[in-house]
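Take a look at the structure set out below.
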Amino acid sequence: MSFSLSKLTGLAVLITPSLATYTLSDEYNSTNFFDKFNFWDTNVNADPTKGFVKYLPRDQAEQAGLISTTGTNAIMRVDNTSYPQDGRASVRVQSNTVYNQGLFLLDLDHMPHGCGTWPAFWMVGPDWPKHGELDIIENVHEASSDLVTLHTDNGCNLAKTGAFTGKPGNTNCAYQPGCGVDAANPNSYGINFNNNGGGVYATEWNSDALSIWFFPRDAIPADISAGAPTLAGWGPPMAQFYKSGCNIDQYFADMQIVFNIDFCGEWAGEANVWGASCSQKAATCEQWVSGTPSAFTAAYWSVRTLKVYTETADVAAHNSTAANPKLAAPNALFVEKPASGPAAEVSSSDP
Ligand SMILES: *[C@@H]1O[C@H](CO)[C@@H](O)[C@H](O)[C@H]1NC(C)=O
Ligand SMILES: *[C@@H]1O[C@H](CO)[C@@H](O)[C@H](O)[C@H]1NC(C)=O
Ligand SMILES: *[C@@H]1O[C@H](CO)[C@@H](O)[C@H](O)[C@H]1NC(C)=O
C-alpha cells in the first residue's frame, strides 16, 4: 500500500476521527490455537540457536502436558519434572499462515521467565536473514524489560527518529546481533509483566514501518478491547523501525509467527550473560536447567488471543507526528486517501 501527502503544502485539513480501518483476518484463540501452528521437532531439526532444549512434536507435547487449553487461554509450557542430559522438553510453534503486512495483536496473561529461560514471540521469513526476522517479545533469565530486535540482510538500519518511547540499541540490523530497541518499561517482560496481569503487544507492519506497542492490562486502548482497532490514541510506539532507515518492503516478506521457549544456547547460555544474572544458581546455565526442574514451573506462555488484522484503508496514523515534525504543527493534518484513484479527504479547506 502506498500513501502520499504530496498535497500537504498549503492545506489546513481537520484531523479525521478514524485514522485507520482494520479488518480481522485471522484469530488464534483457545478453540483453534494449536491447529493453526506446526511444531518444530528437535529430532528432525536441531535448535538453530544451540539451546539446551528438546522441542517436542505436537502429540508428545500434548501427552506430556506441555500444551493445553482452558476455556479462555492456550498454554505452552516446559517440562518441570525431569533431569535431562540432552535438553529440557519444550515447544516451538510456527504459524501455518505466512504473513505480509498487517496488525498483530497478542493478548497475553503470562510469559515464561526464570534463570536459564530464553522465550520469544517473533516473526521470521523463510530464507534467513533475507526475508527478515522481527523479535517482538524476547529476553533471557529474570529480565524485566522487553527487547525488540530485527535481523535482516545488509543495508537495513534502525533510524533514531525519536518517534518511539524505547531506548535505541544497535542500529545495524544485518545478521547478528541485529538492531534493536529496549522497551525501557519494567512491566513489559517477565515476572513483572505477569504480576501486572500481562497485557497486549501490538505490532503494525506496513510499508512505512514496523511498529511495536506494549499496553499493560490496565491500559489497553478501548479500540483494541472493542475488537475494532484504529490506532487512534495509542500514542507513540515503544519501538519503531522506520523506512527512512530500512526499506521495509525490501527486507521483510512471508513471515510466520513463532512462539518458543528455549534454554541456554547462544544467548542465555553465554558465559557472560549467565554470569551477570544467574551465576549464583549454578556454575553454568546447562547445569541449572538440567538439574532444577521445579524452577521451570513459571516458564509458560498463556495466550488469550492473537488477532491479525488487515489494513483496509491507507492511513497516516503510522506516519507518526514525531517522525514527521511537519505533522506536529498546530494545523497538522492526516489526509486519508485510497491507494489509487482520487483523493478522499474527509474535510479540507483546500480551495
Ligand atoms: C475463536 O476464533 C474463531 C475464528 O478463528 C472464531 O470463530 C471464534 O468465535 C473465536 N472464539 C472466541 C471465543 O472468540
Ligand atoms: C509443574 O508444573 C505444573 C503445572 O503448572 C504444576 O502444577 C506442578 O506443581 C509443577 N511441578 C513441580 C515439581 O514444580
Ligand atoms: C511520512 O513522513 C515523511 C517524513 O518523515 C514524509 O516525507 C512522507 O511524505 C510521509 N508520508 C508517508 C506516506 O510516508
Side-chain angles (χ1 to χ4, degrees), residues 22-38 52-56 58 60-85 87-91 93-99 102-117 119 121 123 141-142 190-191 193-195 197-203 217 220 222-229 256-263 278 281-282 287-310 312:
Y22 283 95
T23 307
L24 184 65
S25 63
D26 219 351
E27 176 171 348
Y28 300 67
N29 59 36
S30 67
T31 67
N32 61 18
F33 195 83
F34 296 109
D35 294 336
K36 292 172 78 65
F37 287 97
N38 53 78
F52 187 78
V53 70
K54 193 170 162 53
Y55 292 125
L56 301 187
R58 180 174 179 167
Q60 291 177 30
E62 247 158 23
Q63 278 158 26
L66 302 194
I67 59 169
S68 58
T69 54
T70 67
T72 54
N73 289 41
I75 295 166
M76 292 165 276
R77 58 173 68 255
V78 305
D79 167 57
N80 67 343
T81 56
S82 314
Y83 296 81
Q85 295 309 304
R88 183 162 296 284
S90 178
V91 288
V93 297
Q94 314 197 142
S95 63
N96 300 332
T97 305
V98 159
Y99 296 94
L103 176 66
F104 304 82
L105 303 184
L106 174 66
D107 188 339
L108 270 183
D109 281 332
H110 190 279
M111 72 169 67
H113 68 93
C115 279
T117 62
F121 166 67
M123 299 183 74
H141 306 318
E142 290 290 13
I191 193 165
F193 174 92
N194 298 334
N195 289 344
V200 170
Y201 268 88
T203 302
R217 178 69 54 206
I220 296 170
D223 60 331
I224 291 183
S225 304
Q256 286 172 288
I257 297 166
V258 187
F259 287 91
N260 71 302
I261 309 171
D262 206 345
F263 304 103
C278 295
K281 302 280 191 188
Q287 280 175 21
W288 176 249
V289 174
S290 169
T292 324
S294 64
F296 299 95
T297 301
Y300 69 94
W301 296 103
S302 181
V303 179
R304 291 195 191 187
T305 54
L306 170 58
K307 294 180 181 177
V308 183
Y309 293 83
T310 307
T312 47

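Counting convention: from 1, in listed order, for ligands and their atoms alike. This is a predicted model, so every value here is computed, not measured.
Close contacts between ligand 1 and Asn32 involve ligand atoms 2 (O), 3 (C), 4 (C), 5 (O) [criterion: under 4.0 Å to a heavy atom]. Near Thr31, with a cut-off below 4.0 Å to any heavy atom, the atoms of ligand 1 are 1 (C).
Take Lys36 and apply the side-chain contact (heavy atoms from CB on, under 4.5 Å) test, not counting sequence neighbours, and it matches Asp26, Tyr28, Asn32. In this view, Asp107 and Arg217 satisfy the side-chain hydrogen bond (donor to acceptor under 3.5 Å, both in side chains) rule, not counting sequence neighbours. A search for side-chain hydrogen bond (donor to acceptor under 3.5 Å, both in side chains) contacts involving Arg77 returns nothing, not counting sequence neighbours.
A donor and an acceptor atom, one from each side chain of Ser25 and Thr310, are located under 3.5 Å apart.
Here the two rings, on Tyr99 and Phe104, have centers that are under 6.0 Å apart.
With rounding to the nearest 0.5 Å, the separation of CG in Leu66 from CG in Asp79 is 6.5 Å.
For ligand 2, the protein residues within 4.0 angstrom (heavy atoms only) are Arg77, Asn80, Ser294, Thr297.
Looking at heavy atoms from C-beta onward, Asp262 lies out of side-chain contact with Pro119 at the 4.5 angstrom threshold.
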